[in-house]
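Below is one structure; the comments refer to it alone.
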Amino acid sequence: MIFRLFCITCLLFLSCSKSQDPIDRETVKIGFLVSGDRTSYADAARLAVNEINTRGGLLDNRTVELVTRTNIQDALAAVQAAQQMIRNDEVFALLGPNRSTHAVEVGPIAQRAQVPMITTTATNPSVTRAGDFVFMAAFTDQFQGAVLARFAWEELGVSSAAVLTLEGDVYTEGISMFFVSHFRELGGTVVANELYAHGDTVFAEQLGRISEATPEAFFISGLVSDVTRVVRQTRTTPVLNPQGEPVTLLGADAWDNPVFLNAVPAEVEGSYFSGHFSAESTEQGAWEFVVAYEAAYDRTPAGGDAVSYDAVRLLSNAVERAGSFDGEAVRDRLAATRDYRGATRIARYNDNRHPTKSAVILTVKGGERRFFREIEPVGLGESVR
């Protein structure tokens, strides 16, 4: 009897030890966090995981399992989901969240646990401040803001702009700040700089002041549901440029959302916004991703889908180069990433774990999102602390 109990105890000990070390499992788990209703991001990540498993998995044929939490509505829920993934699901890495406001809170969780984390479409530079285990798959808002400002100044010939920003959100405030600062550095004038609060549905006061200022372009930084209302009211007010024509609308990567673009196709006709990716790209990696994604889901991928797919591949590449699932080893290989080519491209990571990569300018033409131009990071600077 005593011998039997001893054997059972040994088996339980070995079982517990095995569950705590992902390198000894046949299946390894990756956590994937999705803020809001961007469920297509998880679909893109699953596509990458399926490709890895079809090729034989990671390191000695270990199957990859994606543990997902979608429709996360606030930062506290994102933190709780990350904690549960690390403690209960025993993921060896975290991907996401896609919203900067959530990512800045999840980063310290990953850092304390020494679990590599790669955010998806979170773009505020501060998301990596938690420490050296936190990386970004997307460009930063400092770069994106410079891209938009220079595009407006040089390509569109705009010298005056108005700005409307959701107050109290890391992403919306950050991208507006960078756009304004870069636009002013180029010589542009911000004729109106308005704010609105969470829950606002009517923007008559802000749009009234913007209309009086007659800007040549109008940059709107908010959550998609808000921006839908703003652009409708902008056209009915209406806000006109100095020539008496409808003002040109500008947006950032949050605009690259089929739900938003399908809701207001006429209102955003002729607008421009920055993005991470275009399905019209002729790059080999991008083309292969589009073909695979459309075959799997019967729809065209957007920028966030491409970045989510790349986050999985960046992580898997680092694991293969490290030859290990150890957090520190994977972190070091992520930091050493050079010339990554997938749905998007990353030349390298800087000391802040921000990627050097290009952006695209998209436009709406005939009610459809269309590629307009690719912008390389040359001359636009990189993210700083």
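In this text, all values refer to a predicted model and were calculated from it rather than measured experimentally. In what follows, every heavy atom counts, from backbone to side chain, and hydrogens, waters and symmetry copies are set aside.
Criterion: ILVMFWY side-chain heavy atoms under 4.5 Å apart, direct or through other members. Under it, Ile109 and Val134 are part of a common hydrophobic cluster. Phe178 and Leu166 are assigned to two separate hydrophobic clusters, defined by single-linkage of ILVMFWY side chains at heavy-atom distances under 4.5 Å. Hydrophobic clustering (side-chain heavy atoms under 4.5 Å, transitive across Ile, Leu, Val, Met, Phe, Trp, Tyr) keeps Tyr41 apart from Tyr297. Transitive grouping of hydrophobic side chains (ILVMFWY, heavy atoms separated by less than 4.5 Å) brings Val230 and Leu223 into a common cluster. Residue Trp153 is grouped with residue Leu156 when hydrophobic side chains (ILVMFWY) are merged at heavy-atom distances under 4.5 angstrom, including chains of intermediate members.
No donor-acceptor distance shorter than 3.5 angstrom exists from the side chain of Glu167 to the backbone of Leu195, with no hydrogens or angles considered. Under the 3.5 Å distance criterion, the side-chain polar atoms of Arg62 are matched with a main-chain donor or acceptor of Leu59.
Of the N and O atoms on the side chains of Tyr340 and Arg348, not one donor lies less than 3.5 Å from an acceptor on the other residue. In this model, a donor atom of one side chain and an acceptor atom of the other lie less than 3.5 Å apart for Ser160 and Glu216. A donor-acceptor contact closer than 3.5 angstrom is absent between the side chains of Gln80 and Gln84. Side chains of His354 and Thr140: no donor on one and acceptor on the other come within 3.5 Å. Under the 3.5 Å distance criterion, with hydrogens and angles disregarded, no donor-acceptor pair is assigned to the side chains of Asn317 and Glu320. Defined by atom type and a distance below 3.5 Å, a donor-acceptor pair is present between the side-chain atoms of Asp169 and Thr101. A donor and an acceptor atom, one from each side chain of Asn352 and Thr128, are nowhere located under 3.5 Å apart. In this structure, a donor-acceptor pair under 3.5 Å is present between the side chains of Asn71 and Gln73.
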Derivation and outcome, side-chain hydrogen bond (donor to acceptor under 3.5 Å, both in side chains), residues Asp141 and Thr123: CA-CA 5 Å; Asp141 286 330; Thr123 50; 2.7 Å; yes

Trace of the side chain to side chain contact (heavy atoms under 4.5 Å, CB included) decision for Asp132 with Arg353: CA-CA 7 Å; Asp132 58 354; Arg353 298 160 307 284; 4.3 Å; yes

Evaluation steps, side-chain hydrogen bond (donor to acceptor under 3.5 Å, both in side chains), between Tyr171 and Asp253: CA-CA 11 Å; Tyr171 165 72; Asp253 62 304; 2.9 Å; yes

Trace of the side-chain hydrogen bond (donor to acceptor under 3.5 Å, both in side chains) decision for Thr300 with Glu294: CA-CA 6 Å; Thr300 302; Glu294 290 181 342; 3.1 Å; yes

Intermediate values then yes/no, salt bridge (Lys or Arg N to Asp or Glu O under 4.0 Å), Arg345 and Glu374: CA-CA 12 Å; Arg345 293 181 298 157; Glu374 183 170 0; 3.5 Å; yes

Verdict with supporting geometry, Arg299 and Asp43, salt bridge (Lys or Arg N to Asp or Glu O under 4.0 Å): CA-CA 11 Å; Arg299 60 177 183 265; Asp43 291 337; 2.6 Å; yes

Working for side chain to side chain contact (heavy atoms under 4.5 Å, CB included), residues Met117 and Phe135: CA-CA 6 Å; Met117 171 178 166; Phe135 294 76; over 6 Å; no

Phe325 and Leu58: CA distance, side-chain angles, deciding distance, side chain to side chain contact (heavy atoms under 4.5 Å, CB included) verdict: CA-CA 9 Å; Phe325 295 99; Leu58 286 176; 4.0 Å; yes

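Salt-bridge check for Asp310 with Arg313: failed, with every basic side-chain N at 4.0 Å or more from each acidic carboxylate O. Using a cutoff of 4.0 Å between basic side-chain nitrogens and carboxylate oxygens, Arg333 and Glu328 are not scored as salt-bridged. One finds a salt bridge joining Asp89 and Arg69 here, because a Lys/Arg side-chain nitrogen approaches an Asp/Glu carboxylate oxygen to under 4.0 Å. Salt bridge present: Glu194 and Arg209 bring a charged side-chain N and a carboxylate O closer than 4.0 Å. In this structure, Arg369 does not pair ionically with Glu280, as no charged nitrogen and carboxylate oxygen lie closer than 4.0 Å.
A 6.0 Å sphere centred on CD of Glu205 holds no more than 12 heavy atoms belonging to other residues, nucleotides or ligands. At most 12 heavy atoms of other shown residues, nucleotides or ligands fall within 6.0 angstrom of atom CD in Glu368. Open room surrounds CZ on Arg370; 12 or fewer heavy atoms of other groups in view lie less than 6.0 Å from it.
Nearest heavy-atom pair, Leu94 versus Val91, reported as atom, atom and distance to 0.1 Å: CD2-CG2, 4.0 Å. Between Thr120 and Ala138, the closest heavy-atom pair is O-CB, 3.2 Å. Heavy atoms only, all atoms of each residue included: Leu95 and Ala311 are closest at CD2-O, 3.9 Å. Residue Val170 comes nearest to Ser100 through the heavy atom pair CG1-CB, 4.1 Å, listed as atom of the first residue, atom of the second, then distance. Scanning all heavy atoms of the two residues, the minimum distance from Thr344 to Ala306 falls at CG2-CB, 4.3 Å. The minimum heavy-atom distance linking Arg235 with Glu267 is given by the pair NE-O, 3.0 Å.
A heavy-atom distance below 4.5 Å is not found between the side chains of Ile375 and Val360. Looking at Val115 and Phe92, their side chains never come closer than 4.5 Å, going by heavy atoms from C-beta outward. Val67 has its side chain out of reach of Phe32: every pair of non-hydrogen atoms, C-beta onward, lies at least 4.5 Å apart. Taking 4.5 Å as the limit, every side-chain heavy atom of Phe203 sits out of range of all side-chain heavy atoms of Thr237. Between Ser324 and Val319 the shortest side-chain heavy-atom distance does not fall below 4.5 Å. Inter-residue side-chain proximity for Ile220 and Leu249 is flagged as met; some heavy-atom pair is nearer than 4.5 Å. Trp287 has its side chain out of reach of Ser281: every pair of non-hydrogen atoms, C-beta onward, lies at least 4.5 Å apart. Looking at heavy atoms from C-beta onward, Phe273 lies out of side-chain contact with Val268 at the 4.5 angstrom threshold.
Taking the six-membered ring for Trp and thresholds of 30 and 60 degrees, Phe139 and His276 have nearly parallel ring planes, at less than 30 degrees apart. Relative ring orientation between Phe179 and Phe183 is described as parallel, the plane-to-plane angle staying below 30° on a 0-90° scale split at 30° and 60°.
Asp339 meets the salt bridge (charged side-chain N to carboxylate O under 4.0 Å, His left out) test with Arg341; sequence neighbours excluded. For Arg38, there are no salt bridge (charged side-chain N to carboxylate O under 4.0 Å, His left out) partners, not counting sequence neighbours. With sequence neighbours excluded, the residues that form a salt bridge (charged side-chain N to carboxylate O under 4.0 Å, His left out) with Glu155 are Arg373.
Partner Tyr272 forms a ring-ring contact (aromatic ring centres under 6.0 Å, His included) with one of Phe218, Phe151, Phe219 and no other, that one being Phe151. With Asn98 as the partner, the side-chain contact (heavy atoms from CB on, under 4.5 Å) test is satisfied by one option alone out of Leu33, Val307, Thr121: Thr121.
Atoms OG and CD, from Ser316 and Glu51 in turn, are 9.5 Å apart once rounded to the nearest 0.5 Å.
Aromatic pair Phe277/Phe289: ring centres closer than 6.0 Å.
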